Amino acid sequence: MEEKITLWHNKTTEETFSALLSQPYGLTPQEASQRLAQNGANKLPTSRGRTAFQRFLSQFHNVLIHVLLVVMVITALLNHWVDAGVIAGVVIINAIIGFIQEGKAENALNAIQAMLAPTALVLRGSHQVMIKAEELVVGDVVILQPGDRVPADLRLFRSKGLQVAEAVLTGESMTIDKRTAPQPKECELADRICMAYSGTMVTHGQGSGVVVATGLNTELGKISSLVSRVKPATTPLLKQIAQFSRWLTVAILAVAVATFAFGLLVRDYPVTDMFMAAISLAVAAIPEGLPAIMTITLAIGVERMAKRNAIIRRLPAVETLGAVTVICTDKTGTLTRNEMTVRNIVTADNSFELSGTGYDPHGVATVNQQAIYPEDYPLLTKAVQAAVLCNDATLSHSDEQWKIQGDPMEGALLVAGMKLGLDTDTENKQFPRTDLIPFESEHRFMATLHHSHQGEAFIVLKGAPEQVLDICDHQLSAQTEQTKALDRSYWHQQIETMANQGMRVLAIAYRPTEYNQLELTFDDVCDDLIMLGLLGLIDPPREEAIQAVKACNTAGIRVKMMTGDHALTAKAIAQQVGLMNPQDTLTGQQIDSLSDDELSIRAKDVDIYARVSPEHKMRLVNTLQKHQQIVAMTGDGVNDAPALKRSDIGTAMGINGTASAKEAAEMVLTDDNFASITAAIEEGRAVYDNLKKAILFILPTNGGEALIILSTVMLGFKQLPLTPIQILWVNMITAVTLALSLAFEPKEKSLMQRTPRSPNTPILNTHLIWRVLFVSVILMLGTLGMFVWEMDQGEDIAKARTIAVNTLVMFEVFYLFNARYILSSVFCRQGLIGNVYVLIAIAVLLVFQACFTYLPVMQTLFGTSGLELEVWLRIIAVASSVLFLVELEKHYLRKTARNR
């Protein structure tokens, strides 16, 4: 039979069994085998990652590399094998660097596959059998027990205290009490309490359900399909580099063709000579060192971020961080600790607050912000003591961490008890449990019977406040021995106040009983109980997240919360962490009712999105990106994976995050700390600054070389001052030494006080283009001038070219200091010696140039010859001019800016 999309949560169990041609005692083995053969296994398809060879080939997917490859082929056809070999070496070295740094390919679908339950307990022909989860079929009856991972989407028809943790799928921080009654058609995924979904975890109770969807038809499968269809966004830098590369390629080819035609038709050069001149021009103008510098600079950024607990999985994401304008963050486990905490305790005469967060039992009780001694408030102690006794969870301490075994909410009650000085083991020994009524969704409470060693017996009950109030007639006054009539209006007002603060409210009650009572029945807890108090629980925000949100606001980055939790809970957390607009909210249902244009208008201002599904998150990310926003998406659940992949910079939690979220993300936080995102953004901005400085340093080299070749042809020189192989030497040796040192530039002050740069801002603005042209002309005039001077002195061509190459390289050495600051003066201690890597790079370069000039093998390979000391002094005198000329230009620009 074919699986169809049906609103199973809206059907009764009878209608469900009828539609699936099944029965509560399950399918027969023959029916199951038939359906398995017809519909396929209950598993998700795995994705094939790129092979190592495919990843290596992708490194050549760059228009500038394509031009170099064409140049290499033409050079080889002209029998210039050394030149062709050097070009090939340059291209391969770039490819190897990119291949090594790129890392492993995505594996998001396989990670989601791992979340499926490996086995399932089912009824086949009225017999319980354990089968592989992949053998489940629609119509199978599955039995659920605590600790089980739900193996498929189920319509529940039996629930006995069944609670399921669905945070990984829905973002709901609380465990969900499951019931069997049908739910309204329009209710959201997180509110479909008669359903259990594949990949979620049973935390309490027992239940049975009939399989309504398997494999790709489950809610988990739909997310898997969504992930597979999502194309990762291209980073701003890659867009800019691609655009710059196309523009540069067209310009280089146009100038090379024009030069070839001019030399052939006007200067009457031989065709072979003009081919070499055109190739020299192309090689000179192409910044072949740029891909390597970009890759290495980004890799250095990766290393720096790793030290600040942010692991980058894809290199371009480093730079993207620096352009982020919006962070769309999940709530549970990201802004909050994903650890329930008792925050408020209300008794008949006081409202108490408990400090501390998570499962760490350090904290104090306060009244009106004044710390109190719990022993002075017997009602408080009695209420918390009752919550500790009526409890099935345990609290343990290992590896310097407090951990809960059992329901997180019950664990929070134990922590509250410890904060007030109650020891769980001591209380249970002093008042041992004799019997209990376990929690079930039908009656919405848990009750326990206790006997003391002093002849006392009493019943303790905790549960939903409305339910508990219905069976209470009295409340304790400040004197614990006395009771008085229940003030229902007071308690309802307190419940409403706590609910409006986003808290989950529990009520605690008790009743003395006869010591000889050893069994507990529903008749014992149907009325005449005494109200002890209310406990308000919340998943508290991380302290560091509050500071991180504040830093983002200062940096002009908008933080938006997208959660599957309730709107009231989301709003309460938003106010605590300091979102810009913590009042206005949109729910998933409201988003569905809005057109794209209407959502586009609302998305600008709304910062809280509650009860949202993966599709809603995707739509919101797309909407923000259409507004030219650079979107970072954070999350830890399976439900976050599609939006993580679609966003510009997906960020997953490393400790509590699911494997699928990590695999879909570009960045993983090893400490699950929202504050690490702020640190990563700061590093990303620094990386972009350093990339821009490196580009500003590299391009004048290429520009100067191109102008030298162009001028030579225009002026009718018989010999080129630089050969193609010498040009490649200069480009690569200065790139991997001098330009690389700029990747280690210290972060500039006030980096996080800047507003995010626009993604449409080009790498080179008008000022930087002027700087490139200005320095290119300086390099061209000085290098060409030295070459002409030496030729006029009767030097041979090899020596004149050697002087020209060394002059060009020394120009680069001096210009490196200028490039450290784009506008500020470099004539200060920090500017001259503030980056030790600059000094190391210069020393290494001088060694290379000495080898280039004096080693016989290098002289043979590059056509160079040795130089005398006086020549070096002449070279340094000419090359140092760029340092002073560029500093004069900076001074003029600063003065002009001040006068404005």
Side-chain angles (χ1 to χ4, degrees), residues 158-163 175 177-181 204-207 342 345-348 379 381-393 406-407 409-410 413-414 416-417 424 427-428 430-452 455-477 480-488 490-492 494-495 504-537:
R158 187 178 71 87
S159 174
K160 188 172 181 63
L162 184 65
Q163 294 181 344
T175 55
D177 299 329
K178 294 297 182 179
R179 306 178 196 172
T180 59
H204 191 274
Q206 296 179 332
V342 175
I345 304 173
V346 175
T347 61
L379 262 69
T381 302
K382 194 169 185 69
V384 176
Q385 180 190 50
V388 169
L389 291 172
C390 188
N391 202 307
D392 285 332
D407 184 271
M409 184 184 66
E410 289 195 324
L413 302 181
L414 298 182
T424 304
E427 295 298 325
N428 283 315
Q430 188 174 352
F431 304 101
R433 180 189 299 181
T434 311
D435 199 10
L436 86 156
I437 297 175
F439 179 90
E440 289 191 16
S441 54
E442 285 77 10
H443 52 253
R444 301 176 66 200
F445 64 76
M446 172 185 177
T448 54
L449 174 63
H450 299 266
H451 289 72
S452 75
E456 298 174 295
F458 56 90
I459 298 167
V460 178
L461 182 143
K462 77 171 189 295
E466 298 84 359
Q467 190 78 11
V468 176
L469 282 174
D470 285 344
I471 56 178
C472 285
D473 298 315
H474 300 85
Q475 65 190 43
L476 279 181
S477 66
T480 57
E481 295 82 6
Q482 299 179 359
T483 62
K484 61 180 181 180
L486 186 71
D487 184 354
R488 294 185 184 276
Y490 168 79
W491 293 108
H492 282 297
Q494 295 295 331
I495 292 168
R504 183 171 183 175
V505 185
L506 274 179
I508 301 290
Y510 91 111
R511 179 169 70 79
T513 188
E514 298 296 328
Y515 192 76
N516 59 5
Q517 180 178 345
L518 299 177
E519 293 184 356
L520 192 59
T521 67
F522 281 100
D523 290 338
D524 297 318
V525 292
C526 62
D527 58 15
D528 202 28
L529 268 77
I530 302 167
M531 186 73 174
L532 286 175
L534 301 171
L535 293 94
L537 298 97

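We're numbering straight along the sequence, starting at 1. For clarity, every value in this text was computed on a predicted model and none was experimentally measured.
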Worksheet item: Using the ring of each side chain (for Trp, its six-membered ring), is His443 parallel, tilted or perpendicular to Phe445, with breaks at 30° and 60°?
Response: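 Because their plane-to-plane angle lies in the 30° to 60° range, the rings of His443 and Phe445 count as tilted.
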Any side-chain donor paired with an acceptor under 3.5 Å for [X] and [Y]?
| X | Y | result |
| --- | --- | --- |
| Asp435 | Gln517 | no |
| Thr381 | Gln385 | no |
| His450 | Ser452 | no |

Closest contact, heavy atoms only, [X] versus [Y]:
| X | Y | answer |
| --- | --- | --- |
| Leu379 | Ala348 | CD2-N, 4.1 Å |
| Phe458 | Thr513 | N-CG2, 3.9 Å |
| Ala447 | Val525 | CB-CG1, 4.1 Å |
| Ser159 | Lys178 | OG-O, 2.7 Å |
| Leu414 | Ala393 | CD1-O, 3.3 Å |
| Asp523 | Cys526 | O-SG, 3.3 Å |

Give a yes or no on whether the backbone of [Y] and the side-chain of [X] come within a donor-acceptor separation of less than 3.5 Å.
| X | Y | answer |
| --- | --- | --- |
| Arg179 | Leu162 | no |
| Asn428 | Thr424 | yes |
| Asn391 | Glu410 | yes |

Practice prompt. Would you please test Thr175 and His204 for side chain to side chain contact (heavy atoms under 4.5 Å, CB included) and show each step?
Written response: CA-CA 9 Å; Thr175 55; His204 191 274; over 6 Å; no
Worksheet item: Between Asp407 and Lys462, is the closest basic N to carboxylate O distance under 4.0 Å?
Response: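 No, this pair does not count.
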Side chains of [X] and [Y]: closer than 4.5 Å at any heavy-atom pair?
| X | Y | result |
| --- | --- | --- |
| His474 | Asp528 | yes |
| Leu529 | Tyr510 | no |
| Phe439 | Asp177 | yes |
| Leu469 | Arg488 | yes |
| Leu535 | Val505 | no |
| Leu532 | Lys382 | yes |
| Asp487 | Gln475 | yes |
| Leu506 | Leu534 | no |

Please round to the nearest 0.5 Å and tell me the distance separating atom [atom1] of [X] and atom [atom2] of [Y].
| X | Y | atom1 | atom2 | result |
| --- | --- | --- | --- | --- |
| Arg433 | Leu449 | CZ | CG | 10.0 Å |
| Asp392 | Thr448 | CG | OG1 | 8.5 Å |
| Leu389 | Gln430 | CG | CD | 9.0 Å |
| Ile530 | Cys472 | CD1 | SG | 8.5 Å |
| Leu486 | Asp470 | CG | CG | 10.0 Å |
| Glu466 | Ile471 | CD | CD1 | 12.5 Å |

Worksheet entry | side chain to side chain contact (heavy atoms under 4.5 Å, CB included) assessment of Leu520 paired with Ile459 | CA-CA 8 Å; Leu520 192 59; Ile459 298 167; 3.6 Å; yes
Worksheet item: Is the ring centre of His451 less than 6.0 Å from the ring centre of Tyr515?
Response: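 Here the rings of Tyr515 and His451 have centres that are less than 6.0 Å from each other.
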